[in-house]
Amino acid sequence: MLPDKEFLLRLAQSAPSELSTDEKEMVTLLNRERLICPLVMVNSSISGIVAGAKETWEAIEQYVADRAIEIDLCESGSIGLSSEEPVISVQLPERTRLFFARVTAEKVSSLLDDLFHQVIPDQLLIGQLRREGQEPWSDIPYLDEIPFFGLQNRIVMEVCGIIDPFSFGEYVARGGYKAFLTTIRSYTLSEVCDLVRDSGLRGRAGGGFPTSKKWKVAFDTPSDQKYLICNAEESDPGAFMDRTLMEGNPYQLLEGISIAAYAIGSNRAYIYIRSEYKDSIRRITNAIKELRVMGLLGDNILDSGYNLQISLRKGPGAFVCGEETALIASLEGRRGIPSSKPPYPSTSGYLGRPTVVNNVETLSNLPGIISKGPEWFKSIGLEDCTGTKIFSISGQVRMSGLVEVPMGTTFDTIVNDITGGANKGRKLKALHVGGPLGCTVPLELMKIPVSYATLKSEGLVMGSGGILVMDDKSCIVDTVRYFMNYVNKQSCGKCIPCREGTRRMAEILESITRKPVDEEGHTTLERFKEVMQLENLAEVMKDTSLCGLGQNAPNPVMSSLKYFRSEYEEHIFDRRCPSNICTELRSWYIDVEMCTGCSICAKRCPAEAIIGTARHPYFIVQEKCIGCGICFEVCKFTAVYYK
Amino acid sequence: MGITLEVNGRTIEAVKGETILTALNRNGMQVPTICNIKNLSPSGACRMCVVEVEGRENLIPACSFPIEESLVIKTHSPRVLRARKTNVELLLANHPDDCLYCERNGSCELQSLSEDLNIRERRIPGKKSPHKIDRSSPAIIRDPSKCILCGRCIRVCEEIMSTSTLDFAYRGNELQIATTLAKPLNFSNCTACGQCLIACPTGALIEHVQFPELETHIHAPGKIVVAQYSPAVAVSVAEKLGYKPGTDLSGIINAVLRRYGFDYVFETAFGADVMILEQARIYSEKRSGLQEYPLITSSCPAWVQFVEQSYPELIPHLSPLKSPQQLMGSLIREWFPRLYELEGKEIVSVVISSCTAAKSEARRVEMSRSGIPVIDLVLTTRELARLIRLSGLDLEQLEPDKPDAPFHSNGSVGLLTGVAGGEAEAVVRTIYQRKTGNELAPAKLHRFRIHKSFREMMVKAGNREIRVGSVSGLANAVELLKEIKRGKRKLDLLEVMACPDGCVNGGGQPLSMDEKIIRTRSRAIYDIDNGSTLHAAHLNPAIERLYNEFLGDPGGEMSKEILYRTYTKREVLL
Amino acid sequence: MNTETAQIDEILQRFPQIKRNALIPLLQAVQDEFGYISEEAIARIGAHLSLPTSKVFGLATFYNQFSFSRRGVYHITLCNGSSCHLARSGELLGEITKVLEISDGETTRDGLFSLEVQSCIGACGQSPVMAVNGSYYSGINVKEVREIIKQYREDASR
Ligand SMILES: Cc1cc2nc3c(=O)[nH]c(=O)nc-3n(C[C@H](O)[C@H](O)[C@H](O)COP(=O)(O)O)c2cc1C
Ligand code: SF4
Ligand code: SF4
Ligand code: SF4
Ligand code: SF4
Ligand code: SF4
Ligand code: SF4
Ligand code: SF4
Ligand code: SF4
Ligand code: FES
Ligand code: FES
Ligand code: FES
């Protein structure tokens, strides 16, 4: 009893009151308010797979096959708790849905045994999903009663992890595609633009540029062809909001793309997606195919006279291709090298035509804005920065995952209240916000309300919303060095300040995290001079780099120098890494008590830094030691230790 | 549509849409540039041209910023100067301190930039990228450690020469200039035209210098060292010696070469005369009916190699003649010893040419006699300038000398081959004479001397019309060939020179991308021709002697043996 | 015509339009099919799209996805994203480099292992993350990495 195309299209275009009783029945089945048989959903996106979701899935299949039970086994996206994978949810007919964490294959049969006997094993339980018309389980918390979910305001991620991303029917039965159909039926192009202007929506990719402004320029530029490009490159390591949106709710994104394309007068849209995002690609490809079948993509969509093609392009892997002009170059079949602006893509972009590049999260906001209205959107967040922002929290934190909060929420709420702060026994030290081009945020700034403007006034950036949590066992200098190395590898290499500047910065940071005695024999003074050089380099890079990559590359260095200077100084002057991360700064010693004088270490030391006489304790000459740690590895009597 | 700009407190006029750099330059203001090449698309890569624009957060690259509205600009504020200086220092951090040993010492843009910006210490230390020098090509040496990744070579090779031998490869700090699969140049489709080398601001691309090798021969007892120099050399070496561009120094060159130790000094123009004569004959013999392609010249070795690689289907239409220098080389091997009774002596044959491709050409097997190259060394104009300076002679006091007989153009027509269109013009003069018995008045050819990449003329020789074309710059040649193929253009005779404007702008010439200087060189050649009385190859008396004493009939057995060459399709990664 | 040539031809036929923007999809198809891009593939793609091969090479070397040498029987991908870095993926990399004597983008001489360092696989909650031919290992340490490699080596010799 698969719903047919006509029904789904009518559903997308009608108010609930216009449906017959039979049809309403059908809708409740489609949106899973009602079930015929038990529903089991497994998060099959990468965070789940890495934790073993594939094996969990197979175990469930085995379980039902062994017992000849009928269940509805579906893939879902992630609910955003990536440290708790594999996450599965189970809904029994008439009952609310239950979510479970860390359900690895071996736990499947006891979990399902219990559930089918109406017993809920609480070690694995996350909570139940509140839903009208369904009988709740008693003594079980609702998801929205748990701080992780309760303190969030999920408007874009609302049904991620809850719906079947492969089912167009479920999306429509939950009100999907109404926004797009209203748009093409009832609004002129500039009316859509105005609606979005009124909502105050800003680009979520990092710049916070008002979305409608960019559209307007493209709309006003006369051309035979205009393009809309969805930027799904998401190249920041540690950012995974876009992928979660694509894997959890691909139709919402495609509806958003359709609305945006219509608004700028384009009938050609591309999704530029990282080729590593295999699961996102699978879902988006399926959704595009479905929409074509439904006649929601193609020529003369539902007789509206509007044509739209959306194609998916796989980005072959380069961080800089997230930058819009580089992305366009890549789409055109060139090296992904940014070009000078002006001309901006909105006047001359893909193939020289007006092109709007928007981020996945930005576009995913559109269906909600259209269907619920700009006023609703404006009521969320701050006055000058409306709506929500999704942050991806990772690193040394209790729960890593995705957090969607209204603009203006503090880092404190996000990191401490929602994701539980530092791991047990550890203390927070700093946040790194915005990925490789982002900033190190000290604890004293945790209380500022997060918006594009407030961060900017503090000299910080939001970036795409990755938050890396660092606890007291992490080293600021090491993290910054890591980011700088990353940026240096990812620079396209076109312009001097970025190509050569990031390289020298990385080298300077490298030298700080190393023993000063290397081939070049850097003295403390020289290393200090180099650090001074960082500031000059940073300013010139900001001033003269061609694109955002080079301009923002100094951010991690400059912000950490500002807030964690003492840690740098310790590395330079005391040659010590307080958190013991920079192993190459370590000093090695031999414990006189433990050393048997076997002389193995002395024979193996590449620097001939160990002296002594056989059968007497050996000694490490610090000035000669290069810190390689070989003595530590070879000593059978654990006599070698480091400080 | 004038817009006013305020630059450093001064008001200037700008045209909407032009770049800041264009507006500045027109108003006599300079900012340093590296990656920018006049007339090619801006790339905005080096950031050397940055200026401060009021109201803009960051500095703005003047070369690629189109003016849309009034701007207030500072071109030399402390902030701008610091940025430029730091960026040059960043380049130097990855650059060897090799100036004293560098081919480009004294003519290097990086060197003068760092001087101009008063860089006096290595403030930014660092590791340098490891690189291997590519010496595989007989013509061009690539030293990536000196490359500052400006991309000029890439753009010239692509946009002007259409060979696209080079491109950027990899990215970030591994960014480099590379041929396909990073193979050595000799395994690529490089035609050795040397245009990239002219464009290169540093010593990253240089010619394969053979000057030191010459020194080992010149004083070796028993060796007869013979020089021939090409027409374009005579009018351009002056630039490197403190003379006005365009001065014809052939007399001085003869004198210096002799004092320096060359036993004989000849002009390649003689070879050109022979070539022209033969060309006219081949034309008259072969071109009876209309054909798809015209008879195409083969005097430019870069062009020849390009055809063999990219357009092997054109091989049957290429003239079978050797290039003038190779043709001369053969005569020097075969005839000259007889004339001067030097048979059995070891002869070292040296070409001095504006052409880097001639260095490659000299190594090709087709150009050898029983496995031995007919030309031993090829020196460029730049190497000649060095030789002249090294000779320690005061040029002002030197008596101009004459080249040795009979390899002497006597007239002016052989010289014309130094400039694009010259060969075609010269061939037409002889064809005309052969067909009509009269000399063609040089004035008739004036349309052929306009400064354009493609020139065309129609000459009525008796009852026949000859449509002659000349194209220079390989990219232009490719376009023209497409037109011919599509039937949009019909020609009977086509001259192709790889370098834009021909050999006066060859890869071995004094470094300059300034059109004005190149044009001065062309004009010098035209002036010589205009002032000369011997306007055609067939009027050169020495040629008659050549045929009478040595070659026999034009187009005869011996001529073919000595003057003709073969072509082979070359398989390279295109 | 040998099989590789035939396979390349088949891929080229899937992209009949001679446009530059077909270049990346074409290279992706070749990379997927062969695991690397051969000299022959470069030459044929260039000819098919009327593009100089230097441009094909220049483009392909820009992106992480393309390689010019064959992959190993076991292709190791190691995440070195920020979260994994904090979780000491650098040490894992050091271990792999030491044990297999290869660095990022290289293949062992016996053709058994190849290594690719990625920036964030997307499972930061389970850092550090490594995968061998698509099988994931998360939350691992240096010792476990050594074991995993040993295991694959034994598998191969069987
Ligand atoms: C180095 C660099 C990397 C970027 N990476 C991304 C990215 O991965 N995803 C993205 O959506 N935007 C990225 N951007 C921003 C884009 O250039 C562009 O501004 C954005 O896609 C616009 O979308 P929005 O207006 O919806 O925010 C990047 C910018 C820079 C300078
Ligand atoms: S700033 Fe960096 S990434 Fe951007 S164009 Fe310059 S070199 Fe390329
Ligand atoms: S290896 Fe250990 S026990 Fe032996 S000499 Fe060295 S420190 Fe002493
Ligand atoms: S750490 Fe290395 S260099 Fe230092 S003493 Fe031990 S073995 Fe020698
Ligand atoms: S390229 Fe220029 S700066 Fe470099 S060594 Fe040669 S002369 Fe000196
Ligand atoms: S310029 Fe300076 S360093 Fe160079 S040779 Fe002259 S004195 Fe020596
Ligand atoms: S010599 Fe000519 S063909 Fe060769 S790389 Fe340079 S510009 Fe290109
Ligand atoms: S070789 Fe010369 S022209 Fe080419 S990029 Fe390097 S410095 Fe520029
Ligand atoms: S045009 Fe002249 S200088 Fe240039 S390659 Fe041809 S023969 Fe040589
Ligand atoms: S600051 Fe370097 S490891 Fe601590
Ligand atoms: S000359 Fe303007 S950026 Fe290079
Ligand atoms: S950083 Fe390794 S999975 Fe994200």
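Worth saying up front: this structure is predicted, and the values here are computed from it rather than measured. Residue numbers start from 1 in every chain, and the chains themselves are labelled A, B, ... in the order their sequence lines are given, proteins ahead of strands.
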Give a yes or no on this: more than 12 heavy atoms of other residues, nucleotides or ligands lie within 6.0 Å of atom CD of C:Glu101. no
Mind checking whether B:Leu181 and C:Phe68 have side chains closer than 4.5 Å, heavy atoms only? yes
Under the criterion side chain to side chain contact (heavy atoms under 4.5 Å, CB included), I'd like the reasoning laid out for B:Tyr170 against C:Phe57: C-alpha separation, chi angles, the key distance, then a yes or no. CA-CA 9 Å; B:Tyr170 305 93; C:Phe57 180 71; 3.9 Å; yes
Do you know the tightest heavy-atom contact between B:Ser164 and C:Ser54? O-OG, 2.5 Å
Given heavy-atom pairs under 4.5 angstrom as the criterion, report whether the side chain, backbone, both or neither of B:Leu175 touches chain C. neither
Top residue by heavy-atom pair count (under 4.5 Å) with chain C, among B:Gln176, B:Arg171, B:Glu158? B:Arg171
May I ask you to check whether over 12 heavy atoms, not counting those of B:Lys488, lie within 6.0 Å of atom NZ? no
Flag if over 12 foreign heavy atoms under 6.0 Å of CZ, C:Arg109: no
Counting only heavy atoms closer than 4.5 Å, note whether B:Ser162 contacts chain C via side chain, backbone, both or neither. neither
Using heavy-atom distances under 4.5 Å, tell me whether B:Leu574 contacts chain C through its side chain, its backbone, both, or neither. backbone
Working to the nearest 0.5 Å, report the span between OG1 of C:Thr53 and CG of B:Asn189. 6.5 Å
